[in-house]
2 protein chains.
Amino acid sequence: MSASRRQSPDTKAEIQAVALELFIEQGFTATSLQQIADRIGVTKAALYYHFPSKADLARSIFLPWKDDLDAFLDEAEAHPERSPRELIGDAFDVLVRHRGAFTAMMVDGSIIRHVDLIAWTGEWATRLQGLFVGPNPSIYQQTRVAIAFGGLNDAVFLLAQLPEEEVRPAAIDAVCGALGIETGELDN
Amino acid sequence: MSASRRQSPDTKAEIQAVALELFIEQGFTATSLQQIADRIGVTKAALYYHFPSKADLARSIFLPWKDDLDAFLDEAEAHPERSPRELIGDAFDVLVRHRGAFTAMMVDGSIIRHVDLIAWTGEWATRLQGLFVGPNPSIYQQTRVAIAFGGLNDAVFLLAQLPEEEVRPAAIDAVCGALGIETGELDN
DNA sequence: GTCTATAATCAGATAGAC
DNA sequence: GTCTATCTGATTATAGAC
């Protein structure tokens with residue numbers, strides 16, 4: 001038997017899971033380490049054994065999302081022959097896979113600063129835009145891309161309780177429509 | 001001369017303006033009354049003369065937006081003959097008029113709880129949905145509406161620095177496309 | 001690996017002088 | 001209408017025992 005009182009197989013993962021729960025319920029800023037510790041049944045000090053700070057704990061939750069999204073963008077840029085509908089479907093899937101982290105960001109966007117996400121988000125927006133309208137898009141194109149993918153975010157967030165297999169094709173239709181891809185409107 | 005040391009014509013309005021500034025920069029939760037007072041050049045206690053609590057201060061900033069949006073929905077429901085493009089344009093204008101409050105909500109969504117906005121937002125979503133797909137929408141319709149108006153929100157937020165007269169018509173096109181209004185796709 | 005105990009700071013809010 | 005001064009409680013983080 002070890003010297004510790006709890007025999008959790010992976011306290012670190014449990015901390016991350018409970019922290020994410022609370023970040024979604026209350027937002028990052030409004031969630032204290034005390035609340036996280038209480039819900040698990042350990043003390044606050046135990047959290048500091050696993051993570052050097054609250055920001056580092058949050059970062060560890062967001063990193064898998066960043067890695068997944070970067071991989072999607074790398075692959076999409078390497079295969080320009082893929083259809084818009086395929087790309088949109090993949091973007092939807094990435095979002096759904098990391099719905100937890102993503103929802104926490106929607107609930108309290110100020111988490112972005114604590115996790116240095118702020119540097120990434122700008123890059124993501126640019127690369128995503130590049131996939132659909134190329135570099136130097138017009139204001140008309142920028143607006144349509146912003147609505148298309150901003151809307152995709154909101155749908156994944158708002159419609160979390162609806163069946164994914166029904167939402168997914170509807171979302172792809174809507175994003176295509178917002179972009180105006182199939183009507184040629186995007187060439188403005 | 002009055003007994004007060006500052007001769008601001010309307011300290012109450014100044015408090016609201018500075019508070020909104022900081023809510024946009026840092027989010028509601030991360031902004032302290034001390035910071036608001038410091039930026040104006042008064043003490044924290046002075047704030048409590050004008051507002052009974054931090055939540056009430058926030059509420060006073062959001063109420064004009066609520067009133068404006070309610071008025072828009074009332075009018076839209078009373079005039080079912082108005083075209084979708086007109087309605088979308090009006091919705092865009094309401095958002096732009098209250099871009100400050102709206103941006104604060106995007107930066108830190110947890111403000112919704114403190115302002116009792118949470119009861120309103122559900123009602124707004126339902127009424128807005130009703131304008132375009134009627135009651136009892138299918139999942140397909142719900143998804144397209146969520147993307148259309150979620151995207152509209154994001155565009156107003158993300159493209160704040162772009163000229164409104166160019167963004168506006170592009171936004172209307174994109175929302176129409178996301179809804180699938182002009183292609184008849186919404187009848188699913 | 002988790003604990004107790006505590007430091008240092010900052011939060012929202014209030015009482016009462018002027 | 002604004003101030004000084006203070007209360008109360010919560011916060012992040014650390015030191016050191018086990």
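Chain A is the first sequence line, chain B the second, and so forth, proteins listed ahead of strands; every chain is numbered from 1. Just so it is clear, the model here is predicted, and its values are computed rather than measured.
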For this session: Return the set of residues passing side chain to side chain donor-acceptor pair (under 3.5 Å) with A:Thr31 (not counting sequence neighbours), or none when no residue passes.
Result: A:Gln26
Seminar exercise, completed: Residue set satisfying side chain to side chain donor-acceptor pair (under 3.5 Å) with B:Arg85, at least two apart, ordered chain then number -> B:Asp173, B:Glu182
Seminar exercise, completed: Across all chains, not counting sequence neighbours, the side-chain contact (heavy atoms from CB on, under 4.5 Å) partners of B:Gln129 are B:Val133, B:Pro137, B:Gln142, B:Val145
Problem set entry | Contact residues, residues 49-59 of chain A to DNA chain C [heavy atom, < 4.0 Å] | A:Tyr49, A:His50
Exercise. Between B:Lys44 and B:Ile15, who's closer to the 5' end of DNA chain D by nearest nucleotide?
Worked result: B:Ile15
Seminar exercise, completed: Whole-Å distance, A:Leu47 CG to C:dG1 C1', equals 12 Å
For this session: Go through the structure and list residues passing salt bridge (Lys or Arg N to Asp or Glu O under 4.0 Å) with A:Glu166, not counting sequence neighbours.
Result: none
Can you give me every donor-acceptor pair (side chain of residues 100-109 of chain A, partner residue at least two apart or in another chain, under 3.5 Å) with its distance?
| from | atom 1 | to | atom 2 | distance (Å) |
| --- | --- | --- | --- | --- |
| A:Thr103 | OG1 | A:Arg99 | O | 2.6 |
| A:Asp108 | OD1 | A:Ser110 | N | 3.0 |
| A:Asp108 | OD1 | A:Ser110 | OG | 2.5 |
| A:Asp108 | OD2 | A:Phe28 | N | 3.3 |
| A:Asp108 | OD2 | A:Thr29 | N | 3.0 |
| A:Asp108 | OD2 | A:Thr29 | OG1 | 2.7 |
| A:Asp108 | OD2 | A:Ser110 | OG | 3.3 |

For this session: Calculate the interatomic distance between B:Lys12 atom NZ and D:dT2 atom C1'; express it in whole Å.
Result: 16 Å
Problem set entry | Positions of residues 20-35 of chain B (non-hydrogen atom under 4.0 Å from DNA chain C), listed by number | B:Thr31, B:Ser32, B:Leu33
Problem set entry | Residues which pass salt bridge (Lys or Arg N to Asp or Glu O under 4.0 Å) with B:Glu164, listed by chain and number, not counting sequence neighbours | none
Exercise. Does NZ or CZ of A:Lys12 come closer than 6.0 Å to the centre of the six-membered ring of A:Tyr49, within 45° of the ring's axis?
Worked result: no
Problem set entry | Minimum-distance nucleotide (side-chain atoms of A:Tyr48 versus D:dA13, C:dA13, D:dA5) | D:dA13
For this session: Have a look at the helix from C:dG1-D:dC18 to C:dC18-D:dG1 and give the angle its two end axes make, five pairs each, rounded to 10 degrees.
Result: 10°
Exercise. Considering only heavy atoms from C-beta outward, does the side chain of B:Val94 approach that of B:Trp65 to under 4.5 Å?
Worked result: yes
Exercise. Can you find a side chain N or O atom of B:Thr43 that sits less than 4.0 Å from OP1 or OP2 on D:dT2?
Worked result: no
Exercise. Of all residues at least two apart in sequence or in a different chain, which pass the salt bridge (Lys or Arg N to Asp or Glu O under 4.0 Å) check with A:Asp68?
Worked result: A:Arg97
Exercise. For B:Arg59, what residues pass the salt bridge (Lys or Arg N to Asp or Glu O under 4.0 Å) criterion, not counting sequence neighbours?
Worked result: B:Asp56, B:Asp116
Exercise. Does B:Pro84 have any side-chain contact (heavy atoms from CB on, under 4.5 Å) partners at least two apart in sequence or in another chain, and if so, which?
Worked result: B:Phe132, B:Ile181
Exercise. What is the distance, rounded to the nearest whole Å, between atom CD1 of A:Ile36 and atom P of D:dA10?
Worked result: 17 Å
Exercise. Rounded to the Å, how far apart are A:His114 NE2 and D:dA13 P?
Worked result: 11 Å
